[in-house]
Every structure is written in structure tokens, then in C-alpha cells.
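Down below is the structure, laid out as C-alpha cells.
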Amino acid sequence: SARLAILQYISKSSVCISGDISNELPLSRTTVTQHLAELKEIGIIVGEISGSKVNYCINVDVLNKVRPL
């Protein structure tokens, strides 16, 4: 799924910029932006504004709570 691909890409990087994700995955920028917003809303990722871009990374605390043991 697109969300899984986005999460995998983010997890490989220390910080990702949303534009970079759409360049790396076969998804439109609009699709990536929508999925990032939904992932951020449920807390799996966090975003930090850096200039005119938003850097996204995995929210490890939330991931540890939902990850199977």
C-alpha cells in the first residue's frame, strides 16, 4: 500500500522532506501529501517545519505501541 511504502521510506531516513518522498515513490505529490496528513493525524509520523518545507519522521513512541511484540 502507499502508506506502507511511505513509512518504509521515512524509516530509512533520519528526516524526510515531503517533496523527496514523491520523487522516490511512484506516487503523485498530492497522494503523498494526503497520506502524510493521515499518518500524522493518527500519530505514526511527526512533522517539523523547516523553512518552507515539512520534515517528517517516524514517531517511535507510537510505533512501539502498535508494533507486534
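Residue numbers run from 1 in the order of the sequence given.
V46 and V60 fall into different hydrophobic clusters, defined by Ile, Leu, Val, Met, Phe, Trp and Tyr side-chain heavy atoms under 4.5 Å apart, directly or through other members. There is no path of hydrophobic side-chain contacts, each under 4.5 Å, that joins L4 to I21. Linking ILVMFWY residues whenever their side-chain heavy atoms come closer than 4.5 Å, directly or via other members, places V54 and I44 in the same cluster.
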Side-chain donor-acceptor pairs under 3.5 Å in residues 22-29, sequence neighbours left out?
| residue | atom | partner | partner atom | Å |
| --- | --- | --- | --- | --- |
| S22 | OG | G19 | O | 3.0 |
| N23 | ND2 | G19 | O | 3.3 |
| S28 | OG | T31 | N | 3.1 |
| S28 | OG | T31 | OG1 | 2.9 |

**Asked** Taking it one step at a time, do L36 and I10 satisfy side chain to side chain contact (heavy atoms under 4.5 Å, CB included)?
**Response** CA-CA 10 Å; L36 287 169; I10 292 172; 4.0 Å; yes
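The CD1 atom of I58 sits 12.0 Å away from atom NZ of K12, with the distance rounded to the nearest 0.5 Å.
Residues satisfying the side chain to side chain contact (heavy atoms under 4.5 Å, CB included) test with K40, not counting sequence neighbours, are I45, Y56.
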